[in-house]
Student: 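Dumping the structure here so I can ask a few things about it.
Worth knowing before you read on, the calculation uses all heavy atoms, side chains too, and leaves out hydrogens, waters and symmetry mates. Protein chains get the first letters and strands the later ones, always in sequence-line order, with residue 1 at the start of each.
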There are 2 protein chains.
Amino acid sequence: MADANELREVSRRAVRARIGEVAARLFAERGFDATTVDEIADAVGMSQRTFFRYFASKEDAALDDFARESDDFLHRLTARPADEPEWDSLRRVFDAVVERHADGELRRRSQLAHRLIKSSPTLLAAYLERADRLQQRLLEALLARAAENGEEADEAVLRAVIGAAFACLQATVSRAASAPEATDLGARLDAVMAAVRPARYA
Amino acid sequence: MADANELREVSRRAVRARIGEVAARLFAERGFDATTVDEIADAVGMSQRTFFRYFASKEDAALDDFARESDDFLHRLTARPADEPEWDSLRRVFDAVVERHADGELRRRSQLAHRLIKSSPTLLAAYLERADRLQQRLLEALLARAAENGEEADEAVLRAVIGAAFACLQATVSRAASAPEATDLGARLDAVMAAVRPARYA
DNA sequence: AACGTTTTGACAGTAGCTGACACTGATGAC
DNA sequence: GTCATCAGTGTCAGCTACTGTCAAAACGTT
């Protein structure tokens with residue numbers, strides 16, 4: 001029984017990944033808005049209905065990588081020491097992006113995704129909404145951590161701090177996505193996050 | 001000729017405002033997703049097609065207030081002295097929100113809008129996308145200002161600073177929207193923006 | 001009253017997305 | 001080996017947001 005379920009999960013993930021790849025290729029070729037779900041489904045060899053059994057929306061197919069990255073972020077944050085200043089913890093969380101940027105193939109893929117997102121308002125909107133959700137999850141994690149420490153955290157300030165950190169990440173990655181050549185993303189991020197480091201962590 | 005055009009503009013704005021009011025009422029009653037454009041058009045007494053001649057999307061009708069606020073933000077920023085630290089200029093720009101919050105009627109309206117936005121993922125996504133656009137416009141203004149001052153601004157850092165300031169605003173307003181009673185939004189915002197104030201302005 | 005411009009409604013069509021139902025193919029029980 | 005089961009899939013029908021087109025209506029100008 002457990003085996004069967006596991007096999008199904010494996011299969012499901014494989015199909016999902018395949019759809020994601022095909023979709024990414026079509027999006028890159030024709031653009032996000034100009035690609036229909038029917039075309040993706042056809043290219044994969046399935047019905048439109050089945051596509052929607054794997055992805056809740058066309059946007060979800062395009063943002064699948066970011067969904068996985070979100071989970072990674074959360075894991076990395078909870079792995080950080082509880083007494084580390086939140087700002088520095090967040091910087092370490094962002095190493096997920098820096099590390100991915102180090103690999104040539106993954107970097108190209110990430111840059112492509114970022115340019116795609118910037119090219120379509122609806123996709124950008126979906127991306128920002130997911131980023132917002134991620135920030136809320138991180139906020140809960142940091143609130144729980146503060147409670148563990150016996151501190152009384154100001155939720156609004158903490159929310160703003162997370163938002164500020166993400167603004168640093170976005171600004172840095174955005175520039176790296178436009179830049180033709182490989183930049184030292186880690187160093188750039190360090191510089192930006194040092195310049196923006198909130199007074200409360202000074 | 002000029003008069004006629006002006007009259008048309010007045011009429012157009014009035015109709016647009018009327019649609020916005022009716023839509024806001026329906027959204028408040030039934031929720032954003034549960035309200036169809038047909039229902040709004042019916043309630044106003046026009047065809048669906050005409051609705052879309054005034055608003056490009058259902059989201060736009062719900063976010064009309066924020067569109068006007070965006071223009072206000074930009075005006076206020078350009079009115080600030082060129083040598084003022086960006087962080088402080090942004091705080092003054094946000095006075096637009098603080099002032100609106102001071103008036104009881106406008107505050108209720110703004111709180112309603114915020115709760116509506118949080119209640120619908122699609123509407124939240126549209127809101128965040130518009131906020132992002134606004135930040136880009138403010139970035140351009142601040143870049144132009146820096147150029148005027150003869151400074152060489154780091155675009156990524158400036159982008160991050162604007163994002164950080166908006167994170168403060170959002171966190172503060174979000175809490176105020178949930179809070180039952182009237183809070184001193186200006187004081188709260190001052191506190192959050194002081195705690196998060198970037199190192200470069202220390 | 002006649003004219004030209006603008007606005008509007010009606011209609012048809014596309015695309016994203018969902019519910020319902022029937023079919024298929026693999027799995028486990030007997 | 002047969003049968004019941006059940007997840008995965010395709011088909012179909014339908015809803016809603018949104019767009020192009022075109023003819024009719026509304027409106028200010030002359």
Student: With sequence neighbours excluded, tell me which residues meet salt bridge (charged side-chain N to carboxylate O under 4.0 Å, His left out) with B:D38.
Tutor: none
Student: Who passes side-chain contact (heavy atoms from CB on, under 4.5 Å) against A:A43, sequence neighbours left out?
Tutor: A:V22, A:L26
Student: List in chain and number order the residues that pass side-chain hydrogen bond (donor to acceptor under 3.5 Å, both in side chains) with B:R91, two or more places apart in sequence or in another chain; answer none if no residue qualifies.
Tutor: B:D95, B:D190
Student: For A:R8 and D:dT5, give me the distance from atom CZ to atom P, rounded to whole Å.
Tutor: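 It is 16 Å, rounded to the nearest whole Å.
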Student: Which residues, if any, of residues 40-52 of chain A bring a heavy atom under 4.0 Å of DNA chain C?
Tutor: A:Q48, A:R49, A:F52
Student: Specify the separation, in whole Å, of atom CD of B:E9 and atom C1' of C:dT7.
Tutor: 14 Å
Student: Apply salt bridge (charged side-chain N to carboxylate O under 4.0 Å, His left out) to B:R159 and list each qualifying residue two or more places apart in sequence or on a separate chain.
Tutor: none
Student: To the nearest Å, give me how far apart CG (A:D60) and P (C:dG16) are.
Tutor: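 Rounded to the whole Å, the gap is 14 Å.
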Student: Can a salt bridge be assigned to the pair A:R197 and A:D88 using a cut-off of 4.0 Å between side-chain N and carboxylate O?
Tutor: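 Salt bridge flag = yes for A:D88 with A:R197.
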Student: Under 4.0 Å from any atom of DNA chain D, heavy atoms only: list the residues of residues 14-35 of chain B that qualify, in numerical order.
Tutor: B:T35
Student: Please list all pairs passing the ring-ring contact (aromatic ring centres under 6.0 Å, His included) test where one or both residues lie in residues 13-48 of chain A, with sequence neighbours left out.
Tutor: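 Qualifying pairs, neighbours excluded: A:F27-A:F32.
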Student: Heavy atoms only, 4.0 Å cut-off, all strands: where does B:Y54 land among base, sugar-phosphate and nothing?
Tutor: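 Sugar-phosphate: the residue B:Y54, judged by heavy atoms under 4.0 Å, touches backbone atoms but no base.
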Student: Answer with base, sugar-phosphate or nothing: what part of the nucleic acid does B:E39 contact at a heavy-atom distance below 4.0 Å?
Tutor: nothing
Student: Looking at every strand, decide which applies to B:S57 at a 4.0 Å heavy-atom threshold: base, sugar-phosphate, or nothing.
Tutor: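 It contacts sugar-phosphate atoms only.
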Student: Ignoring hydrogens and angles, write down the donor-acceptor pairs under 3.5 Å from the side chains of residues 164-172 of chain A, residues two or more places apart or on other chains.
Tutor:
unit_1: A:Q170; atom_1: OE1; unit_2: A:Y127; atom_2: OH; d: 3.1
unit_1: A:T172; atom_1: OG1; unit_2: A:C168; atom_2: O; d: 2.7

Student: For A:E155, check salt bridge (charged side-chain N to carboxylate O under 4.0 Å, His left out) against everything at least two apart and list the hits.
Tutor: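 For A:E155 there are no salt bridge (charged side-chain N to carboxylate O under 4.0 Å, His left out) partners, ignoring immediate neighbours.
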Student: Counting side-chain heavy atoms from CB outward, which of C:dG16, D:dA7, C:dT6 is closest to A:K58?
Tutor: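 Selected nucleotide: C:dG16.
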Student: Taking only residues two or more places apart in sequence, or in another chain, which ones meet A:R130 in a salt bridge (charged side-chain N to carboxylate O under 4.0 Å, His left out)?
Tutor: A:D60
Student: B:E59 has an atom CD; how far is it from atom C1' of C:dG16, in whole Å?
Tutor: 13 Å
Student: Give a yes or no on whether A:R76 atom CZ has more than 12 heavy-atom contacts from other residues, nucleotides or ligands under 6.0 Å away.
Tutor: yes
Student: Strictly below 4.0 Å, heavy-atom distances to any atom of DNA chain D: list the hits from residues 120-132 of chain B, or just say none.
Tutor: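 Result for residues 120-132 of chain B: none.
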Student: Sequence neighbours left out, cut at 3.5 Å: what donor-acceptor pairs do the side chains of residues 11-20 of chain A make with other protein atoms?
Tutor:
unit_1: A:R12; atom_1: NH2; unit_2: A:R53; atom_2: O; d: 2.8
unit_1: A:R16; atom_1: NH1; unit_2: A:Y54; atom_2: O; d: 2.7
unit_1: A:R16; atom_1: NH2; unit_2: A:D64; atom_2: OD1; d: 2.8

Student: Do the side chain of B:R53 and the base of C:dG9 come within less than 3.5 angstrom through a donor-acceptor pair of N or O atoms?
Tutor: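 Yes.
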